[in-house]
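Quick caveat, the model's predicted, so the values are computed rather than measured. Per chain, numbering begins at 1; letters A, B, ... match sequence-line order.
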There are 2 protein chains.
Amino acid sequence: MSKGVQTRETALREALAQSSHLGLKGITIGTLASSLEMSKSGLFAHFKSKEQLQVDVLEYAAQLFAMSVVQPALKEPRGLERLRALCENWLGWDGYADYAMPGGCVFISAAMEFDDEPDGPVRDFLVAQQHQWFDSMEIVIRGAIREGQLREDLDTLQFAHDLNGIMLGHHFAARLLRDEAAPTRARVATERLIDSARPGTPVTD
Amino acid sequence: MSKGVQTRETALREALAQSSHLGLKGITIGTLASSLEMSKSGLFAHFKSKEQLQVDVLEYAAQLFAMSVVQPALKEPRGLERLRALCENWLGWDGYADYAMPGGCVFISAAMEFDDEPDGPVRDFLVAQQHQWFDSMEIVIRGAIREGQLREDLDTLQFAHDLNGIMLGHHFAARLLRDEAAPTRARVATERLIDSARPGTPVTD
DNA sequence: GTGGGAATCGAACGGTCGTGCTTTTATGGG
DNA sequence: CCCATAAAAGCACGACCGTTCGATTCCCAC
């Protein structure tokens with residue numbers, strides 16, 4: 001019982017690392033196996049198919065994301081502090097270089113790889129995950145509204161999408177363009193977004 | 001002379017269409033050849049390698065982009081009108097469904113595919129293209145500054161990156177989440193961004 | 001209409017892919 | 001310590017990959 005679970009865990013960690021810079025589609029049973037110094041078939045037995053492996057990697061990554069981004073933010077007091085913590089952790093996640101994701105956010109690569117795919121287990125799982133994540137963001141944003149720090153009539157879903165755009169832009173600038181100013185720019189953009197959502201700001205609709 | 005160029009052109013168009021939803025790495029000589037109803041080797045002869053094919057596809061896409069996004073915007077009067085036209089065309093480009101790019105912006109997928117790659121012909125070409133594109137954006141933005149419609153001390157590069165983030169967010173919402181409100185949200189975000197850059201707006205630095 | 005170069009084809013190459021089998025080896029509860 | 005069971009290995013498969021090369025077909029200037 002124990003041995004199998006442990007191997008599986010190790011395999012998922014390595015698979016996540018490789019997905020991080022090759023994408024979910026880029027990982028290979030063969031390459032993964034030799035990285036783990038085991039046989040293709042031995043590794044394959046842990047996941048009934050490559051598709052299942054991809055889903056499992058997404059699930060594994062989500063656990064890591066919840067643990068290192070969401071949970072720490074929940075320790076901050078509700079409102080802008082918590083929202084800022086969430087964004088800062090999110091930014092950190094995208095540069096999670098030294099541990100499990102040398103190639104940046106796996107959700108972003110997966111999103112671009114599967115966005116034009118027909119429905120399927122991997123895509124469906126990823127989309128569900130993203131909806132969950134947007135829900136979490138909205139909850140934190142509404143917290144800041146309830147604290148009176150953000151406008152009462154703010155479109156929280158729009159706000160969440162705006163934040164998402166900022167993070168995608170950060171990924172783009174940091175990873176593709178190798179722009180060291182990317183995190184700074186993301187923070188500037190986030191503050192500007194928050195400012196535009198403060199009470200007293202004229203409604204833009 | 002004529003026949004070869006024509007075949008090449010047709011091949012590039014089909015290759016772009018396929019790259020659009022499979023990514024640049026997703027295209028294969030074999031699949032592409034059978035789509036064009038010709039032999040693998042016959043097609044291959046037009047491009048000396050797959051890497052070269054990928055670069056050529058990027059170049060082909062850039063021509064299309066310049067023609068359908070940049071050039072029309074340059075017909076608008078300098079300033080916010082031109083900037084808005086650029087954004088609107090850009091938004092249209094990402095949903096260029098019926099012609100050459102059924103799977104959305106090929107530059108975005110390519111960016112995510114090659115962002116963690118070591119330097120190479122394809123990555124280098126893509127990065128150079130993006131820098132060019134950011135330069136173009138900055139020029140249009142500075143046009144609005146010179147017209148007195150945007151703040152004098154505006155960080156134009158930051159502004160361009162913010163726009164880029166909005167478009168990436170649009171791609172994400174429209175393609176992965178299949179959110180029909182995506183274009184509207186992108187427009188709202190763009191207007192908010194413009195508003196925050198107007199003269200008289202307090203500096204956010 | 002013929003010759004020559006461009007365009008295309010057919011077949012093959014070594015490699016890797018995901019995935020079934022069967023067999024061997026390791027593990028841990030009684 | 002034994003033995004059922006779990007884990008890993010070994011091997012093979014058909015398919016497709018990018019690429020090469022020699023043969024074939026086409027187009028067009030003379």
Side-chain angles (χ1 to χ4, degrees), chain A residues 1-19 21-60 109-110 113-114 117-118 120-123 125, chain B residues 1-19 21-60 109-110 113-114 117-118 120-123 125:
Chain A
M1 179 86 105
S2 171
K3 182 77 186 309
V5 173
Q6 185 192 334
T7 305
R8 207 187 116 96
E9 179 87 7
T10 310
L12 280 177
R13 176 166 27 187
E14 178 64 25
L16 173 58
Q18 296 192 5
S19 299
H21 59 253
L22 296 167
L24 270 186
K25 288 183 181 169
I27 48 174
T28 296
I29 312 278
T31 308
L32 190 56
S34 81
S35 293
L36 295 164
E37 288 177 331
M38 56 186 297
S39 69
K40 263 209 299 180
S41 47
L43 172 65
F44 184 80
H46 285 272
F47 316 92
K48 294 153 300 188
S49 68
K50 184 179 182 182
E51 248 182 6
Q52 189 57 49
L53 169 62
Q54 292 170 326
V55 172
D56 290 350
V57 168
L58 280 180
E59 196 168 28
Y60 181 79
S109 4
E113 284 181 310
F114 287 91
E117 215 84 342
V122 184
R123 195 197 134 92
F125 190 84
Chain B
M1 178 85 106
S2 170
K3 183 76 187 306
V5 172
Q6 186 191 334
T7 305
R8 207 186 117 95
E9 178 86 9
T10 310
L12 280 177
R13 175 164 28 185
E14 178 65 25
L16 173 58
Q18 297 192 4
S19 299
H21 59 251
L22 296 168
L24 269 186
K25 289 183 181 171
I27 48 175
T28 65
I29 311 279
T31 308
L32 190 55
S34 81
S35 294
L36 296 164
E37 288 176 332
M38 56 186 298
S39 68
K40 264 208 298 180
S41 48
L43 172 65
F44 184 82
H46 286 272
F47 316 92
K48 294 153 299 186
S49 69
K50 184 179 180 181
E51 248 184 6
Q52 189 56 51
L53 169 62
Q54 291 169 326
V55 171
D56 290 350
V57 168
L58 280 180
E59 197 168 28
Y60 181 79
S109 3
E113 284 180 311
F114 287 90
E117 214 85 343
V122 184
R123 196 199 132 91
F125 190 83

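- Residues from residues 40-53 of chain B that place a heavy atom under 4.0 Å from any atom of DNA chain C, listed by number: S41(B), G42(B), A45(B), H46(B).
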Review item, side-chain donor-acceptor pairs of residues 28-38 of chain A, under 3.5 Å, at least two apart:
residue, atom, partner, partner atom, Å
S34(A), OG, T31(A), O, 3.2
S35(A), OG, Q18(A), NE2, 2.9
S35(A), OG, T31(A), O, 3.1

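- Using a 4.0 Å cut-off on heavy atoms, the residues of residues 21-30 of chain A that approach DNA chain C are I27(A), T28(A), I29(A), G30(A), listed by number.
- Using a 4.5 Å heavy-atom threshold, the side chains of F47(A) and R8(A) count as touching.
- When all heavy atoms of E51(A) and P121(A) are compared, the pair lying nearest together is OE1-CG, 3.5 Å.
- Checked against side chain to side chain donor-acceptor pair (under 3.5 Å), Q52(B) has the following partners two or more places apart in sequence or in another chain: D56(B).
- Taking side-chain N and O atoms only, T7(B) has a distance below 4.0 Å to OP1 or OP2 of dT8(C).
- Between R8(A) atom CZ and dA6(D) atom C1' there is a gap of 15 Å when expressed in whole angstrom units.
- Between the CG atom of L32(A) and the P atom of dC17(C) there is a distance of 11 Å, rounded to whole Å.
- By the side chain to side chain contact (heavy atoms under 4.5 Å, CB included) test, S19(A) is found to be paired with L24(A), I27(A), V57(A), V106(A), residues two or more places apart in sequence or in another chain being considered.
- The shortest distance between side-chain heavy atoms of F44(A) and K50(A) does not fall below 4.5 Å.
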Kindly indicate, with the supporting measurements, whether the criterion side-chain contact (heavy atoms from CB on, under 4.5 Å) is fulfilled by F114(A) and Q54(A).
CA-CA 12 Å; F114(A) 287 91; Q54(A) 292 170 326; 4.2 Å; yes

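- Protein atom CD of Q6(B) is 14 Å distant from nucleotide atom C1' of dA6(C), rounded to whole Å.
- Applying the side chain to side chain donor-acceptor pair (under 3.5 Å) test to K25(B) and every residue at least two apart in sequence or in another chain returns E117(B).
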